[in-house]
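In what follows, a structure is listed as C-alpha coordinates, so that the remarks can point back to it.
Everything numeric here is computed off the predicted structure, so don't read it as measured data. Values below: every heavy atom of this structure, side chains too, minus hydrogens, waters and symmetry copies.
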Protein chains: 2
Amino acid sequence: MDDAIITFISSYIDLTPDEKSVIQAQNIIKTYPKGTVLLAHGDLAQDCFFILKGCVRRYYIVDGDERTTEFFTENQGITPVSYLTKQPSDYYLSCLEPCVIALGSDERNQLLLEKVPKLARLIAQMSTELLVKSQITSDNFKNMNPENRYLHLLETRPDLVARIPLQHIATFLGMTPVSLSRLRKRITLKR
Amino acid sequence: MDDAIITFISSYIDLTPDEKSVIQAQNIIKTYPKGTVLLAHGDLAQDCFFILKGCVRRYYIVDGDERTTEFFTENQGITPVSYLTKQPSDYYLSCLEPCVIALGSDERNQLLLEKVPKLARLIAQMSTELLVKSQITSDNFKNMNPENRYLHLLETRPDLVARIPLQHIATFLGMTPVSLSRLRKRITLKR
DNA sequence: GCGATTACTTAACTAAGGTTAACTTTTTTT
DNA sequence: AAAAAAAGTTAACCTTAGTTAAGTAATCGC
(Lines give C-alpha, C1' and ligand atoms only; values in the text may rest on other atoms or scores of the structure.)
Protein backbone atom coordinates (compact mmCIF):
# COMPACT_ATOMS: atom_id res chain seq x y z
CA MET A 1 0.00 0.00 0.00
CA ASP A 2 2.81 2.41 0.90
CA ASP A 3 4.26 1.85 -2.52
CA ALA A 4 1.18 3.15 -4.30
CA ILE A 5 2.43 6.73 -4.11
CA ILE A 6 5.86 5.82 -5.44
CA THR A 7 4.25 3.84 -8.24
CA PHE A 8 2.00 6.77 -9.05
CA ILE A 9 4.80 9.34 -9.11
CA SER A 10 7.00 7.01 -11.13
CA SER A 11 4.38 6.95 -13.86
CA TYR A 12 5.15 10.63 -14.42
CA ILE A 13 8.85 11.00 -13.62
CA ASP A 14 11.78 8.68 -12.93
CA LEU A 15 12.90 8.45 -9.31
CA THR A 16 16.26 7.35 -7.93
CA PRO A 17 16.24 4.99 -4.92
CA ASP A 18 17.35 7.95 -2.78
CA GLU A 19 14.46 10.09 -3.93
CA LYS A 20 12.10 7.23 -3.31
CA SER A 21 13.18 6.93 0.30
CA VAL A 22 12.91 10.70 0.83
CA ILE A 23 9.33 10.53 -0.40
CA GLN A 24 8.60 7.46 1.71
CA ALA A 25 9.97 9.23 4.77
CA GLN A 26 7.71 12.25 4.25
CA ASN A 27 4.73 10.09 3.55
CA ILE A 28 2.06 10.25 6.25
CA ILE A 29 -0.64 7.67 5.78
CA LYS A 30 -3.83 7.48 7.80
CA THR A 31 -6.88 5.26 7.77
CA TYR A 32 -10.38 6.60 8.30
CA PRO A 33 -13.61 4.73 8.99
CA LYS A 34 -16.55 5.14 6.65
CA GLY A 35 -18.38 8.42 7.27
CA THR A 36 -15.34 10.37 8.50
CA VAL A 37 -15.56 14.05 7.58
CA LEU A 38 -12.12 15.04 6.31
CA LEU A 39 -13.11 18.67 5.81
CA ALA A 40 -16.26 20.49 6.87
CA HIS A 41 -17.91 23.68 5.72
CA GLY A 42 -16.18 26.54 7.50
CA ASP A 43 -12.97 24.58 8.17
CA LEU A 44 -9.55 25.71 7.06
CA ALA A 45 -8.02 22.79 5.17
CA GLN A 46 -4.66 21.86 6.69
CA ASP A 47 -3.83 19.08 4.23
CA CYS A 48 -4.24 17.86 0.74
CA PHE A 49 -5.04 14.21 0.20
CA PHE A 50 -4.08 11.31 -1.99
CA ILE A 51 -6.42 8.34 -1.87
CA LEU A 52 -4.70 4.98 -1.59
CA LYS A 53 -7.89 3.03 -0.91
CA GLY A 54 -11.55 3.95 -0.63
CA CYS A 55 -13.81 6.69 -1.90
CA VAL A 56 -14.27 10.32 -0.85
CA ARG A 57 -17.20 12.56 -1.72
CA ARG A 58 -17.22 16.34 -2.09
CA TYR A 59 -20.55 17.97 -1.27
CA TYR A 60 -22.28 21.19 -0.32
CA ILE A 61 -25.32 21.69 1.85
CA VAL A 62 -27.83 23.75 -0.12
CA ASP A 63 -31.15 24.57 1.57
CA GLY A 64 -30.50 21.75 4.02
CA ASP A 65 -29.87 19.16 1.29
CA GLU A 66 -26.55 17.58 0.41
CA ARG A 67 -25.45 18.25 -3.17
CA THR A 68 -22.56 16.08 -4.34
CA THR A 69 -20.20 17.62 -6.88
CA GLU A 70 -17.33 15.15 -7.06
CA PHE A 71 -16.15 11.66 -6.15
CA PHE A 72 -12.55 10.69 -5.60
CA THR A 73 -11.24 7.14 -5.67
CA GLU A 74 -7.96 5.21 -5.65
CA ASN A 75 -4.94 7.10 -6.99
CA GLN A 76 -6.69 10.43 -7.12
CA GLY A 77 -5.44 13.54 -5.37
CA ILE A 78 -7.70 16.04 -3.61
CA THR A 79 -6.48 19.59 -3.27
CA PRO A 80 -9.22 21.47 -1.42
CA VAL A 81 -9.92 25.02 -2.57
CA SER A 82 -9.53 25.97 1.09
CA TYR A 83 -6.01 24.48 1.10
CA LEU A 84 -5.05 26.73 -1.82
CA THR A 85 -6.83 29.92 -0.77
CA LYS A 86 -6.47 29.61 3.03
CA GLN A 87 -10.13 30.61 3.26
CA PRO A 88 -12.82 28.62 5.12
CA SER A 89 -14.15 25.78 3.02
CA ASP A 90 -17.51 26.08 1.27
CA TYR A 91 -17.84 22.34 0.97
CA TYR A 92 -17.45 19.06 2.84
CA LEU A 93 -15.20 16.09 2.12
CA SER A 94 -16.23 12.81 3.64
CA CYS A 95 -15.38 9.15 3.31
CA LEU A 96 -18.04 7.05 1.58
CA GLU A 97 -16.03 3.94 2.48
CA PRO A 98 -13.26 3.07 4.91
CA CYS A 99 -10.28 4.95 3.46
CA VAL A 100 -6.51 4.83 3.42
CA ILE A 101 -5.20 8.27 2.57
CA ALA A 102 -1.79 9.93 2.23
CA LEU A 103 -1.66 13.43 3.67
CA GLY A 104 0.31 16.41 2.45
CA SER A 105 0.76 19.62 4.42
CA ASP A 106 2.26 22.89 3.21
CA GLU A 107 5.42 22.34 5.24
CA ARG A 108 6.02 18.77 4.15
CA ASN A 109 5.23 19.49 0.52
CA GLN A 110 7.66 22.40 0.65
CA LEU A 111 10.35 20.14 2.11
CA LEU A 112 9.72 17.44 -0.46
CA LEU A 113 10.03 19.95 -3.29
CA GLU A 114 13.40 21.11 -1.95
CA LYS A 115 14.75 17.60 -1.60
CA VAL A 116 13.27 16.31 -4.87
CA PRO A 117 13.12 19.32 -7.18
CA LYS A 118 11.95 17.27 -10.13
CA LEU A 119 8.63 16.94 -8.38
CA ALA A 120 7.93 20.46 -9.64
CA ARG A 121 7.55 19.00 -13.12
CA LEU A 122 5.09 16.42 -11.84
CA ILE A 123 3.04 19.11 -10.16
CA ALA A 124 2.99 21.27 -13.28
CA GLN A 125 1.92 18.31 -15.40
CA MET A 126 -0.78 17.24 -12.94
CA SER A 127 -2.13 20.80 -12.73
CA THR A 128 -2.46 20.93 -16.48
CA GLU A 129 -4.15 17.54 -16.58
CA LEU A 130 -6.54 18.59 -13.84
CA LEU A 131 -7.42 21.82 -15.60
CA VAL A 132 -8.06 20.04 -18.89
CA LYS A 133 -10.19 17.38 -17.21
CA SER A 134 -12.12 19.91 -15.23
CA GLN A 135 -12.88 21.95 -18.35
CA ILE A 136 -13.98 18.94 -20.37
CA THR A 137 -16.10 17.57 -17.53
CA SER A 138 -17.92 20.81 -16.87
CA ASP A 139 -18.47 21.47 -20.58
CA ASN A 140 -19.91 17.97 -20.93
CA PHE A 141 -22.22 18.57 -18.00
CA LYS A 142 -23.54 21.74 -19.62
CA ASN A 143 -24.01 20.10 -22.98
CA MET A 144 -26.09 17.18 -21.67
CA ASN A 145 -29.48 16.72 -20.07
CA PRO A 146 -29.84 14.55 -16.95
CA GLU A 147 -30.57 11.37 -18.91
CA ASN A 148 -27.51 11.75 -21.11
CA ARG A 149 -25.39 12.60 -18.10
CA TYR A 150 -26.38 9.33 -16.51
CA LEU A 151 -25.75 7.32 -19.68
CA HIS A 152 -22.41 9.08 -20.07
CA LEU A 153 -21.46 8.24 -16.48
CA LEU A 154 -22.37 4.61 -17.07
CA GLU A 155 -19.95 4.59 -20.00
CA THR A 156 -17.09 6.56 -18.53
CA ARG A 157 -17.17 5.58 -14.84
CA PRO A 158 -19.31 2.48 -14.37
CA ASP A 159 -17.31 1.77 -11.19
CA LEU A 160 -18.85 4.83 -9.52
CA VAL A 161 -22.40 3.77 -10.31
CA ALA A 162 -21.59 0.35 -8.88
CA ARG A 163 -20.01 1.38 -5.60
CA ILE A 164 -21.79 4.61 -4.64
CA PRO A 165 -25.33 5.03 -3.27
CA LEU A 166 -27.68 6.26 -5.98
CA GLN A 167 -28.80 9.26 -3.94
CA HIS A 168 -25.30 10.71 -4.24
CA ILE A 169 -24.99 9.80 -7.91
CA ALA A 170 -28.27 11.66 -8.45
CA THR A 171 -27.21 15.00 -7.01
CA PHE A 172 -23.80 14.57 -8.68
CA LEU A 173 -25.73 14.42 -11.98
CA GLY A 174 -27.75 17.49 -11.06
CA MET A 175 -31.05 15.87 -10.17
CA THR A 176 -32.98 14.38 -7.24
CA PRO A 177 -32.76 10.72 -6.21
CA VAL A 178 -36.43 10.27 -7.14
CA SER A 179 -35.75 11.54 -10.65
CA LEU A 180 -32.79 9.22 -11.13
CA SER A 181 -34.82 6.25 -9.98
CA ARG A 182 -37.60 7.11 -12.44
CA LEU A 183 -35.12 7.82 -15.23
CA ARG A 184 -33.46 4.43 -14.73
CA LYS A 185 -36.81 2.74 -15.04
CA ARG A 186 -37.62 4.74 -18.19
CA ILE A 187 -34.32 3.64 -19.75
CA THR A 188 -34.77 -0.06 -18.99
CA LEU A 189 -38.29 0.07 -20.44
CA LYS A 190 -36.96 1.63 -23.66
CA ARG A 191 -34.66 -1.28 -24.51
CA MET B 1 -3.39 49.02 -25.49
CA ASP B 2 0.04 47.39 -25.75
CA ASP B 3 0.59 48.21 -22.12
CA ALA B 4 -2.39 46.16 -20.99
CA ILE B 5 -0.29 42.99 -20.83
CA ILE B 6 2.48 44.65 -18.86
CA THR B 7 -0.10 46.13 -16.48
CA PHE B 8 -1.70 42.72 -16.07
CA ILE B 9 1.57 40.89 -15.39
CA SER B 10 2.68 43.63 -13.02
CA SER B 11 -0.37 43.00 -10.88
CA TYR B 12 1.15 39.59 -10.09
CA ILE B 13 4.91 40.16 -10.13
CA ASP B 14 7.28 43.13 -10.27
CA LEU B 15 9.02 43.71 -13.58
CA THR B 16 12.21 45.60 -14.29
CA PRO B 17 12.23 47.99 -17.29
CA ASP B 18 14.42 45.44 -19.10
CA GLU B 19 11.97 42.65 -18.50
CA LYS B 20 9.15 44.86 -19.66
CA SER B 21 10.83 45.50 -22.97
CA VAL B 22 11.59 41.79 -23.46
CA ILE B 23 7.92 41.07 -22.99
CA GLN B 24 6.90 43.93 -25.27
CA ALA B 25 9.25 42.61 -27.95
CA GLN B 26 7.73 39.13 -27.82
CA ASN B 27 4.22 40.48 -27.78
CA ILE B 28 2.28 39.75 -30.95
CA ILE B 29 -1.00 41.59 -31.10
CA LYS B 30 -3.67 41.05 -33.71
CA THR B 31 -7.09 42.48 -34.37
CA TYR B 32 -9.98 40.34 -35.59
CA PRO B 33 -13.35 41.39 -36.96
CA LYS B 34 -16.52 40.21 -35.25
CA GLY B 35 -17.34 36.62 -36.14
CA THR B 36 -13.74 35.48 -36.69
CA VAL B 37 -13.25 31.85 -35.73
CA LEU B 38 -10.00 31.68 -33.77
CA LEU B 39 -10.19 27.91 -33.38
CA ALA B 40 -12.50 25.40 -35.02
CA HIS B 41 -13.54 21.86 -34.15
CA GLY B 42 -10.83 19.57 -35.48
CA ASP B 43 -8.13 22.25 -35.53
CA LEU B 44 -4.83 21.96 -33.71
CA ALA B 45 -4.47 25.11 -31.64
CA GLN B 46 -1.20 26.88 -32.47
CA ASP B 47 -1.58 29.69 -29.96
CA CYS B 48 -2.98 30.69 -26.65
CA PHE B 49 -4.73 34.02 -26.38
CA PHE B 50 -4.96 37.02 -24.12
CA ILE B 51 -7.87 39.33 -24.78
CA LEU B 52 -7.00 43.02 -24.77
CA LYS B 53 -10.35 44.16 -26.14
CA GLY B 54 -13.55 42.39 -27.15
CA CYS B 55 -15.29 39.15 -26.30
CA VAL B 56 -14.63 35.54 -27.31
CA ARG B 57 -17.05 32.66 -27.00
CA ARG B 58 -16.24 28.96 -26.54
CA TYR B 59 -18.85 26.61 -27.98
CA TYR B 60 -19.51 23.09 -29.18
CA ILE B 61 -21.82 21.92 -31.91
CA VAL B 62 -24.12 19.26 -30.44
CA ASP B 63 -26.73 17.71 -32.72
CA GLY B 64 -26.31 20.64 -35.07
CA ASP B 65 -26.86 23.24 -32.35
CA GLU B 66 -24.29 25.57 -30.85
CA ARG B 67 -23.80 25.11 -27.10
CA THR B 68 -21.82 27.87 -25.44
CA THR B 69 -19.73 26.88 -22.42
CA GLU B 70 -17.63 29.97 -21.73
CA PHE B 71 -17.17 33.65 -22.47
CA PHE B 72 -13.87 35.49 -22.30
CA THR B 73 -13.51 39.25 -22.07
CA GLU B 74 -10.84 41.91 -21.48
CA ASN B 75 -7.79 40.76 -19.48
CA GLN B 76 -8.69 37.09 -19.63
CA GLY B 77 -6.39 34.44 -21.02
CA ILE B 78 -7.59 31.53 -23.14
CA THR B 79 -5.50 28.37 -23.15
CA PRO B 80 -7.27 25.93 -25.47
CA VAL B 81 -7.31 22.30 -24.39
CA SER B 82 -5.97 21.56 -27.87
CA TYR B 83 -2.99 23.85 -27.21
CA LEU B 84 -2.12 21.82 -24.12
CA THR B 85 -2.83 18.34 -25.42
CA LYS B 86 -1.79 18.82 -29.08
CA GLN B 87 -4.97 16.97 -29.99
CA PRO B 88 -7.63 18.29 -32.42
CA SER B 89 -10.00 20.68 -30.69
CA ASP B 90 -13.47 19.54 -29.67
CA TYR B 91 -14.75 23.09 -29.52
CA TYR B 92 -14.80 26.39 -31.34
CA LEU B 93 -13.54 29.79 -30.26
CA SER B 94 -14.99 32.77 -32.06
CA CYS B 95 -15.14 36.53 -31.65
CA LEU B 96 -18.51 37.88 -30.53
CA GLU B 97 -17.18 41.39 -31.09
CA PRO B 98 -14.26 42.97 -32.93
CA CYS B 99 -11.28 41.82 -30.85
CA VAL B 100 -7.74 42.87 -30.05
CA ILE B 101 -5.83 39.81 -28.88
CA ALA B 102 -2.27 39.04 -27.80
CA LEU B 103 -1.01 35.70 -29.11
CA GLY B 104 1.35 33.26 -27.44
CA SER B 105 2.94 30.29 -29.20
CA ASP B 106 4.92 27.46 -27.64
CA GLU B 107 8.19 28.81 -29.01
CA ARG B 108 7.67 32.40 -27.90
CA ASN B 109 6.37 31.39 -24.49
CA GLN B 110 9.41 29.17 -24.06
CA LEU B 111 11.70 32.05 -24.99
CA LEU B 112 9.93 34.45 -22.67
CA LEU B 113 10.28 32.03 -19.78
CA GLU B 114 14.01 31.73 -20.38
CA LYS B 115 14.53 35.47 -20.53
CA VAL B 116 12.15 36.29 -17.68
CA PRO B 117 12.25 33.27 -15.38
CA LYS B 118 10.05 34.90 -12.76
CA LEU B 119 7.18 34.47 -15.16
CA ALA B 120 7.09 30.84 -13.96
CA ARG B 121 5.69 32.08 -10.68
CA LEU B 122 2.99 34.04 -12.50
CA ILE B 123 2.03 30.96 -14.48
CA ALA B 124 1.87 28.79 -11.38
CA GLN B 125 -0.29 31.35 -9.61
CA MET B 126 -2.61 31.78 -12.57
CA SER B 127 -2.98 28.01 -12.97
CA THR B 128 -4.04 27.71 -9.36
CA GLU B 129 -6.48 30.60 -9.69
CA LEU B 130 -7.93 29.06 -12.82
CA LEU B 131 -8.35 25.68 -11.19
CA VAL B 132 -10.06 27.17 -8.16
CA LYS B 133 -12.37 29.30 -10.30
CA SER B 134 -13.19 26.40 -12.56
CA GLN B 135 -14.05 24.14 -9.61
CA ILE B 136 -16.23 26.76 -7.93
CA THR B 137 -18.00 27.65 -11.17
CA SER B 138 -18.82 24.09 -12.10
CA ASP B 139 -19.93 23.22 -8.55
CA ASN B 140 -22.21 26.26 -8.60
CA PHE B 141 -23.66 25.20 -11.91
CA LYS B 142 -24.46 21.76 -10.51
CA ASN B 143 -26.00 23.17 -7.36
CA MET B 144 -28.41 25.53 -9.12
CA ASN B 145 -31.42 25.18 -11.38
CA PRO B 146 -31.68 27.26 -14.58
CA GLU B 147 -33.52 30.12 -12.88
CA ASN B 148 -30.96 30.46 -10.10
CA ARG B 149 -28.14 30.20 -12.62
CA TYR B 150 -29.56 33.18 -14.46
CA LEU B 151 -30.06 35.20 -11.27
CA HIS B 152 -26.55 34.30 -10.18
CA LEU B 153 -25.13 35.43 -13.51
CA LEU B 154 -27.00 38.73 -13.22
CA GLU B 155 -25.31 39.26 -9.86
CA THR B 156 -21.81 38.08 -10.66
CA ARG B 157 -21.37 39.09 -14.31
CA PRO B 158 -24.06 41.60 -15.30
CA ASP B 159 -21.69 42.85 -18.01
CA LEU B 160 -22.07 39.54 -19.88
CA VAL B 161 -25.85 39.68 -19.85
CA ALA B 162 -25.64 43.24 -21.18
CA ARG B 163 -23.20 42.70 -24.04
CA ILE B 164 -23.91 39.17 -25.26
CA PRO B 165 -26.91 37.93 -27.31
CA LEU B 166 -29.37 36.08 -25.09
CA GLN B 167 -29.29 32.96 -27.25
CA HIS B 168 -25.69 32.41 -26.20
CA ILE B 169 -26.36 33.27 -22.57
CA ALA B 170 -29.14 30.66 -22.66
CA THR B 171 -27.02 27.71 -23.79
CA PHE B 172 -24.23 28.92 -21.47
CA LEU B 173 -26.76 28.52 -18.63
CA GLY B 174 -27.75 25.07 -19.86
CA MET B 175 -31.10 25.84 -21.44
CA THR B 176 -32.70 26.89 -24.72
CA PRO B 177 -33.16 30.53 -25.77
CA VAL B 178 -36.93 30.06 -25.63
CA SER B 179 -36.70 28.91 -22.01
CA LEU B 180 -34.54 31.86 -21.01
CA SER B 181 -36.94 34.29 -22.63
CA ARG B 182 -39.87 32.72 -20.77
CA LEU B 183 -37.92 32.57 -17.51
CA ARG B 184 -37.06 36.27 -17.75
CA LYS B 185 -40.71 37.10 -18.18
CA ARG B 186 -41.64 34.89 -15.21
CA ILE B 187 -39.09 36.70 -13.03
CA THR B 188 -40.26 40.20 -13.96
CA LEU B 189 -43.86 39.21 -13.26
CA LYS B 190 -42.88 37.90 -9.80
CA ARG B 191 -41.59 41.26 -8.53
C1' DG C 1 -32.77 54.64 -45.12
C1' DC C 2 -34.43 50.22 -46.63
C1' DG C 3 -34.44 45.46 -47.15
C1' DA C 4 -32.68 41.38 -45.32
C1' DT C 5 -31.09 38.96 -41.72
C1' DT C 6 -30.76 37.87 -37.07
C1' DA C 7 -32.40 38.12 -32.41
C1' DC C 8 -36.05 37.85 -29.29
C1' DT C 9 -40.73 36.91 -27.67
C1' DT C 10 -44.99 34.53 -27.28
C1' DA C 11 -48.20 30.68 -27.43
C1' DA C 12 -49.61 25.86 -27.53
C1' DC C 13 -48.26 21.43 -26.71
C1' DT C 14 -45.24 17.62 -25.00
C1' DA C 15 -41.85 15.65 -22.09
C1' DA C 16 -39.23 15.61 -18.06
C1' DG C 17 -37.86 16.90 -13.49
C1' DG C 18 -39.24 18.56 -8.54
C1' DT C 19 -42.04 17.46 -4.41
C1' DT C 20 -44.41 14.80 -1.15
C1' DA C 21 -45.59 10.73 0.80
C1' DA C 22 -46.24 5.79 1.13
C1' DC C 23 -44.10 1.56 0.61
C1' DT C 24 -40.35 -1.99 -0.21
C1' DT C 25 -35.75 -3.46 0.07
C1' DT C 26 -31.26 -3.39 1.90
C1' DT C 27 -27.96 -2.47 5.34
C1' DT C 28 -26.48 -1.61 9.91
C1' DT C 29 -26.67 -2.10 14.79
C1' DT C 30 -27.30 -4.44 18.92
C1' DA D 1 -31.93 -12.82 14.48
C1' DA D 2 -34.71 -8.91 15.28
C1' DA D 3 -35.19 -4.08 15.35
C1' DA D 4 -33.90 0.21 13.54
C1' DA D 5 -32.10 3.01 10.14
C1' DA D 6 -30.96 4.06 5.55
C1' DA D 7 -31.56 3.52 0.68
C1' DG D 8 -34.29 2.88 -3.19
C1' DT D 9 -38.79 2.69 -5.70
C1' DT D 10 -43.29 4.04 -7.07
C1' DA D 11 -47.31 7.01 -7.73
C1' DA D 12 -49.83 11.38 -7.96
C1' DC D 13 -49.57 15.98 -8.70
C1' DC D 14 -47.32 20.36 -9.91
C1' DT D 15 -43.91 23.16 -12.11
C1' DT D 16 -40.67 23.96 -15.49
C1' DA D 17 -37.98 23.02 -19.65
C1' DG D 18 -37.94 21.32 -24.63
C1' DT D 19 -40.11 21.81 -29.23
C1' DT D 20 -42.29 23.93 -33.02
C1' DA D 21 -44.04 27.64 -35.20
C1' DA D 22 -45.58 32.28 -35.80
C1' DG D 23 -44.97 36.96 -35.02
C1' DT D 24 -42.35 41.18 -33.47
C1' DA D 25 -38.21 43.86 -32.70
C1' DA D 26 -33.51 45.00 -33.44
C1' DT D 27 -29.35 45.05 -36.16
C1' DC D 28 -26.48 44.84 -40.25
C1' DG D 29 -25.00 45.62 -44.86
C1' DC D 30 -25.37 48.13 -48.85
Side-chain angles (χ1 to χ4, degrees), chain A residues 32-37 54-55 57 59-68 71 94-98 141-154 160-190, chain B residues 32-37 54-55 57 59 61-68 71 94-99 141-154 160-190:
Chain A
Y32 300 95
K34 174 175 172 173
T36 307
V37 173
C55 179
R57 174 170 76 100
Y59 65 97
Y60 296 73
I61 293 187
V62 182
D63 299 332
D65 290 326
E66 294 185 358
R67 308 277 318 173
T68 299
F71 300 110
S94 88
C95 302
L96 277 177
E97 304 171 359
F141 191 92
K142 259 186 205 179
N143 289 339
M144 292 185 218
N145 59 23
E147 175 166 339
N148 287 332
R149 281 179 210 146
Y150 177 67
L151 294 173
H152 184 247
L153 188 70
L154 276 182
L160 290 186
V161 183
R163 82 197 277 191
I164 292 169
L166 283 186
Q167 47 175 330
H168 299 138
I169 301 277
T171 63
F172 174 68
L173 295 174
M175 62 184 138
T176 62
V178 177
S179 288
L180 178 56
S181 184
R182 181 169 42 196
L183 187 157
R184 278 157 56 93
K185 194 184 181 189
R186 202 167 64 219
I187 291 171
T188 54
L189 289 179
K190 270 189 196 166
Chain B
Y32 300 95
K34 175 174 172 173
T36 307
V37 173
C55 179
R57 176 171 74 101
Y59 64 98
I61 293 187
V62 182
D63 299 332
D65 291 325
E66 294 184 358
R67 309 277 318 176
T68 299
F71 300 110
S94 86
C95 301
L96 278 176
E97 304 171 0
C99 285
F141 191 93
K142 258 185 204 179
N143 289 339
M144 291 186 218
N145 60 21
E147 176 166 338
N148 287 333
R149 281 178 210 146
Y150 177 67
L151 294 173
H152 185 248
L153 188 70
L154 276 183
L160 289 186
V161 182
R163 81 196 279 191
I164 292 168
L166 284 186
Q167 48 175 329
H168 299 137
I169 301 279
T171 62
F172 174 68
L173 295 174
M175 60 185 140
T176 61
V178 177
S179 288
L180 178 56
S181 184
R182 182 168 41 196
L183 188 156
R184 277 157 57 92
K185 193 184 180 186
R186 202 166 65 219
I187 290 171
T188 55
L189 290 180
K190 271 189 197 166

Estimated bend of the helix from C:dG1-D:dC30 to C:dT30-D:dA1 (axis per five terminal pairs, rounded to 10 degrees): 60°
Worked check of side-chain hydrogen bond (donor to acceptor under 3.5 Å, both in side chains) between B:Arg67 and B:Thr171: CA-CA 5 Å; B:Arg67 309 277 318 176; B:Thr171 62; 5.4 Å; no
Side chain of A:Pro165 (C-beta onward), nearest among C:dC8, D:dG8, C:dG17: D:dG8
Under-4.0 Å side-chain N/O to phosphate OP1/OP2 contact, B:Arg184 with C:dT9: yes
Nearest atoms (heavy-atom pairs only) where A:Ile169 meets A:Val161: CD1-CA, 4.0 Å
C:dG18 phosphate, OP1 or OP2, under 4.0 Å from A:Ser179 side-chain N/O: yes
Exercise: identify the closest heavy-atom pair between B:Ser94 and B:Gly35: CB-O, 4.5 Å
Distance in angstrom units between B:Asn145 CG and D:dG18 P, rounded: 12 Å
For nucleotides 21-30 of chain C, list the nitrogen or oxygen atoms of the protein found under 3.5 Å from its nitrogen or oxygen atoms, one pair per line.
from	atom 1	to	atom 2	distance (Å)
C:dT28	OP1	A:Lys34	NZ	3.2

Step-by-step side-chain contact (heavy atoms from CB on, under 4.5 Å) determination, B:Leu96 to B:Lys34: CA-CA 6 Å; B:Leu96 278 176; B:Lys34 175 174 172 173; over 6 Å; no
Nucleotide nearest B:Arg186 (side chain, heavy atoms from C-beta), chosen from D:dT16, C:dG18, D:dT10: D:dT16
For A:Arg149, the option from A:Leu180, A:Leu173, A:Leu183, A:Leu154 that meets side chain to side chain contact (heavy atoms under 4.5 Å, CB included): A:Leu173
Candidate nucleotides C:dT9, C:dA7, D:dT9, ranked by approach to the side chain of B:Ser181 - the nearest: C:dT9
Any donor-acceptor N/O pair, B:Ser181 side chain to B:Val178 backbone, under 3.5 Å: no
Pairwise distance OG(B:Ser179) to CZ(B:Arg184) - rounded to 0.5 angstrom: 13.0 Å
Nearest-angstrom distance from the residue atom CG of B:Leu173 to P of D:dT16: 17 Å
Whole angstrom value for the distance that separates P of D:dG18 from CG of B:Asp65: 12 Å
For atom OH of B:Tyr150 and atom P of D:dA17, their distance in whole Å: 13 Å
Rounded distance [0.5 Å steps], CG in A:Leu153 versus CZ in A:Phe141: 11.0 Å
Touch class at under 4.0 angstrom, heavy-atom based, for B:Pro146 against every strand present: sugar-phosphate
A:Leu183 CG to C:dA16 P, straight-line distance once rounded to whole Å: 9 Å
Contact under 4.0 Å: B:Thr176 side-chain N or O vs D:dG18 OP1/OP2: yes
Side-chain N,O (B:Lys185) to OP1/OP2 (C:dA11) below 4.0 Å: yes
Between C1' of D:dT16 and CE of A:Met175, the distance in whole Å: 16 Å
Any A:Arg182 side-chain N or O less than 4.0 Å from OP1/OP2 of D:dA11: no
For A:Thr68, the option from A:Arg57, A:Gln167, A:His168 that meets side chain to side chain donor-acceptor pair (under 3.5 Å): A:Arg57
Shortest non-hydrogen separation from A:Ile164 to A:Cys55 and the atoms involved: CD1-SG, 3.9 Å
Gap between atoms CD1 and C1', on B:Ile187 and C:dT9 respectively (whole Å): 15 Å
Distance in angstrom units between B:Leu166 CG and D:dT24 C1', rounded: 15 Å
